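Data block below; observations after.
Numbered from 1 within each chain, the chains take letters A, B, ... in sequence-line order. What you see is a predicted model; the values in this text were computed from it and never measured.
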Amino acid sequence: MFIKGNYSEKGDEYKVDLIEGLKDGTITFYEQGNFTDLCRGPHLPNTGYIKAVKIMSIAGAYWKGDEKNKQLTRIYGISFPKKKLLDEYLAMLEEAKKRDHRKIGKELELFTFSSRVGQGLPLWLPKGAMLRERLENFLKSVQKKYGYEPVITPHIGQKELYVTSGHYAKYGKDSFQPIHTPAEGEEFLLKPMNCPHHCEIYKSKPRSYKDLPVRYAEFGTVYRYEQSGELHGLTRVRGFTQDDAHIFCRPDQLKEEFIKVIDIVLYIFKTLDFENFTTQISLRDKEDRSKYIGSDENWKKAETAIVEACKEKGLKTVIEYGEAAFYGPKLDFMVKDALGRSWQLGTIQVDYNLPERFELEYTGSDDKKHRPVMIHRAPFGSMERFVAVLIEHTAGKFPLWLTSEQVAILPVSEKFNDFAHNIKTKLNNSDVRTIVDDRNEKVGKKIRDNEMKRIPYMIIVGEKELESGMLSIRKQGEGEIGKMTIENFAKFISQRVAEELK
RNA sequence: GCCGAUAUAGCUCAGUUGGCCAGAGCAGCUGAUUUGUAAUCAGCCGGUCGGCGGUUCGAAUCCGUCUAUCGGCUCCA
């Protein structure tokens, strides 16, 4: 009481608030000279340990992290025991900034934004669109192998559809508002997710237990009115395309289906060299169960299925209580960006809610009606976010199979332009994506420019090559790697691509 | 949405306390050069200084507002 009174006298209402909020009754203090602080600790024994200090930024932060509370100014600083360590850290930050997908996306002309089009609405440029198309084709071929069927649904749906799904009640006010038509009272919504449309496809005909599981996949573009301050490059946008699919299965198939989805995600991550991901299982809050819908029994089944599936696949998971969606538990795959910020990529979610709301059914072997379970899954999360993270992981040096321009041919002078274009035609006919840099520049300049465009291979052609038919090959970032005939080089490239996709 | 900052040519950035026609490098165009493994030279083109409004004899510069971006907070079906 005495201490609290002390802070009250000083008018330090936040310290008073903290003391009042302490549950265990033990209050610890730290002293630094004549400065006394209420703190759980630990503190440094004395400030002499701090040798190198830098203020990094100043920003607003809500008191106790709650949006309803007042906002205070938070000062971010960093300190190291030696100046040298601080300098190294700052240099590392600078390096990380060079990998920022917003910077590389601009440099490599992958995507852009326009304030006229609107905040958070990315415009994919030709090279970015080609990259994305290749990723989509890759995913489509994987999904085909795993028994997914493609579906296509419109970008809007009647408001009623989302009233049925429950999303209108939960997010309607904070979303893009309904689209009106000349017809009185008619309202449509831009789709914020694909599930309701897919549920309607499920309902388009009667289902038997023998038909399940049914797996519907779609690259579905959705629109969500994210808070303006939360938008960030391609990682958080207002219009994006999910590599979405919904699996409708019997309760007894849930675990097996869940494991298959984990397999797909792991295969995709492996192919793209994503090794440093973490996995998180999100379950219900241990105490407050009021915010979740569905029966306790179903939740338990689903949560057990996820935990066991992860165990069987040997995933090192972190379990977070209270992080589940209101309709079911989920498993998320997270990766860090260049600056160490965490982003959720792949997600697998179990849903008992939508089958209920849409009254989805199948006829069981007992000739009675049963309710299927739904799994939402998106290995990339969204094409936008995935491409962003891929850019930062590779610093723009995409795998050979994925990159738009695989080979650049550099004639040493204009005399060899025709020769270069002939090679290009031959390589393109062998499915090697090739360009010719026939600008009137010196070879050194062309090498430099094409290195910076991150083109994996370069071929320098001049008098020697024209006579011998042997091409001088250069690898991005490494330099000359030897001489090859056109035929051998084409084979070399296709072998590399095949290895990457193995 | 909230706190703080920023917005000058296609890109990266200069532009002193308000003061002649707003500058540079790169990119682009034209010409010269005909080039051998990370930048050849010269000339030219290019800007409603983010939009709107205000203060002033005078605004890229000061003020207001809107839009967008950046760093956080909060949020993320």
Side-chain angles (χ1 to χ4, degrees), chain A residues 55-76 93 97 100 102-103 106-107 109 112-121 162 165-172 174-175 191-196 222-233 235-238 240 242 244 323-328 330 332 339 341 343-344 347 349 351 353-354 376 378 381-382 385 408 410-417 439-453 458-465 472-481:
Chain A
I55 302 296
M56 302 304 283
S57 68
I58 295 175
Y62 296 104
W63 173 241
K64 289 181 171 175
D66 189 337
E67 201 180 2
K68 291 183 190 79
N69 286 338
K70 209 167 123 186
Q71 200 163 44
L72 312 178
T73 300
R74 184 182 288 170
I75 299 170
Y76 291 81
L93 272 189
K97 276 186 195 156
D100 193 310
R102 293 166 296 190
K103 182 175 152 64
K106 196 181 272 180
E107 284 169 3
E109 298 183 3
T112 190
F113 288 90
S114 150
S115 58
R116 248 184 228 284
V117 172
Q119 271 190 301
L121 299 170
Y162 300 99
S165 73
H167 289 105
Y168 187 77
K170 198 163 169 69
Y171 298 102
D174 303 318
S175 290
K191 71 174 171 190
M193 80 291 298
N194 305 298
C195 352
V222 297
Y223 300 90
R224 299 177 186 179
Y225 191 75
E226 305 290 5
Q227 295 190 86
S228 61
E230 193 38 62
L231 300 170
H232 182 97
T235 48
R236 193 76 183 275
V237 287
R238 283 178 171 169
F240 57 96
Q242 297 177 306
D244 210 359
E323 288 293 307
F326 68 94
Y327 50 76
K330 58 179 182 169
D332 292 327
L339 292 175
R341 290 174 291 216
W343 295 98
Q344 178 207 307
T347 181
Q349 312 186 355
D351 186 351
N353 173 45
L354 286 183
H376 309 245
S382 76
R385 183 175 289 178
L410 321 181
V412 294
S413 87
E414 284 176 357
K415 284 188 273 183
F416 305 103
N417 282 355
R439 292 174 304 162
N440 180 9
E441 295 288 351
K442 295 176 110 169
V443 189
K445 167 81 162 173
K446 292 186 187 181
I447 288 172
R448 182 184 159 78
D449 288 350
N450 287 286
E451 282 278 343
M452 294 206 298
K453 279 166 76 182
M458 280 175 248
I459 302 177
I460 286 99
V461 293
E463 190 65 41
K464 285 183 263 173
E465 287 72 22
S472 171
I473 315 294
R474 216 192 128 89
K475 188 160 190 239
Q476 203 266 349
E478 290 180 21
E480 287 185 77
I481 58 166

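Distance from the side chain of A:Glu480 is smallest to B:U37 among B:U37, B:A77, B:A68. Considering only side-chain atoms of A:Ala61, the nucleotide from B:C73, B:A68, B:G1 that sits closest is B:C73. The listed nucleotides are B:C11, B:U37, B:G71; the one nearest the side chain of A:His232 is B:G71. Each of B:C11, B:A68, B:C75 was ranked by its minimum atom distance to the side chain of A:Gln227; first place goes to B:C75. Residue A:His167 places its side chain closer to B:A77 than to any other of B:C76, B:A77, B:U69. With B:U37, B:C70, B:C76 as the candidates, the nucleotide lying closest to the side chain of A:Arg102 is B:C70. The side chain of A:Lys464 approaches B:G36 more closely than any other nucleotide in the set B:G36, B:A77, B:U34. Set against B:A77, B:C75, B:U37, the side chain of A:Ser472 has B:U37 as its closest nucleotide. Here B:G36 is the nucleotide among B:A77, B:G36, B:C76 with the atom lying nearest to any side-chain atom of A:Val412.
Within 4.0 Å (heavy atoms only), A:Gly166 reaches no atom of the nucleic acid at all. Counting non-hydrogen atoms under 4.0 angstrom, A:Glu463 reaches a base of the nucleic acid. Residue contacts shown for A:Ser175 include a base, since a base heavy atom lies under 4.0 Å away. Residue contacts shown for A:Glu465 include a base, since a base heavy atom lies under 4.0 Å away.
Rounded to whole Å, the distance from CZ on A:Arg385 to P on B:C76 is 13 Å. Residue A:Arg439 contributes atom CZ, which lies 12 Å from atom C1' of B:C26 at whole-angstrom precision. Look at CD on A:Glu414: it is 11 Å from P on B:G31, rounded to the nearest Å. If you measure from atom CZ of A:Arg74 to atom C1' of B:G71, you get 13 Å, rounded to the nearest angstrom. A straight line from NZ of A:Lys97 to C1' of B:C70 spans 10 Å, rounded to a whole angstrom. Atom-to-atom, OH of A:Tyr168 to C1' of B:A77 comes out at 15 Å; the value is rounded to the nearest Å. Going from atom NZ of A:Lys415 over to atom C1' of B:G36 covers 12 Å, rounded to whole Å. Atom C1' of nucleotide B:C76 and atom NZ of A:Lys330 are separated by 9 Å, given to the nearest angstrom.
Residues from residues 446-453 of chain A lying near RNA chain B, meaning a heavy-atom separation below 4.0 Å, are A:Ile447, A:Arg448, A:Glu451 in numerical order.
Separation of atoms CG (A:Asp100) and CD (A:Glu107) is listed at 10.0 Å; rounding is to 0.5 Å.
Nucleotides B:C49 and B:C13 place their C1' atoms 14 Å apart, quoted to the nearest Å. Atom C1' of B:A27 sits at a distance of 11 Å from the matching atom of B:U12, rounded to the whole Å. Comparing the C1' positions of B:U37 and B:C26 gives an interatomic distance of 22 Å, to the nearest angstrom. B:A68 sits 32 Å from B:G23 when the P atoms are compared, rounded to a whole Å. Taking the P atoms as reference points, B:A9 lies 16 Å from B:C52, given to the whole Å. Spacing between B:C20 and B:C57 at atom C1', rounded to whole Å, works out to 15 Å. Spacing of P atoms, B:G50 relative to B:C41, comes out at 33 Å, to the nearest Å. Nucleotides B:G10 and B:C29 have their C1' atoms positioned 14 Å apart, rounded to a whole Å.
Between the side-chain ring of A:Phe113 and the base of B:A68, no stacking contact exists by the 5.5 Å and 30° definition.
Using a 4.0 Å cut-off, no side-chain N or O of A:Ser115 falls inside it from OP1 or OP2 of B:U67. In this structure, A:Lys106 reaches the B:U12 phosphate: one of its side-chain N or O atoms is under 4.0 Å from OP1 or OP2.
Aromatic ring orientation, A:Trp343 versus A:His232: tilted (interplanar angle from 30° to 60°).
Judged by distance alone, with hydrogens and angles left aside, A:Gln71 brings a side-chain donor or acceptor within reach of the base of B:C2, the pair sitting under 3.5 Å. Taking only distance into account, the side chain of A:Arg238 never meets the base of B:C76 through a donor-acceptor pair shorter than 3.5 Å. In terms of polar N and O atoms assigned as donor or acceptor, the side chain of A:Tyr225 never comes within less than 3.5 Å of the base of B:G1 in a complementary pairing.
In this structure, A:Arg238 is positioned above the aromatic face of A:Tyr225, its NZ or CZ under 6.0 Å from the six-membered ring centre and within 45° of the axis.
Side-chain contact check for A:Thr347 versus A:His376: every heavy-atom pair is 4.5 Å or farther apart. The closest side-chain heavy-atom distance from A:Lys330 to A:Gln344 is below 4.5 Å.
Helical stems in RNA chain B, defined as runs of 3 or more consecutive Watson-Crick or G-U wobble pairs with donor-acceptor distances under 3.5 Å: B:1-7 with B:67-73, B:10-13 with B:23-26, B:28-32 with B:40-44, B:50-54 with B:62-66.
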Using the 3.5 Å cut-off, write out each protein N or O paired with an N or O of nucleotides 40-47 of chain B and the distance between them.
none

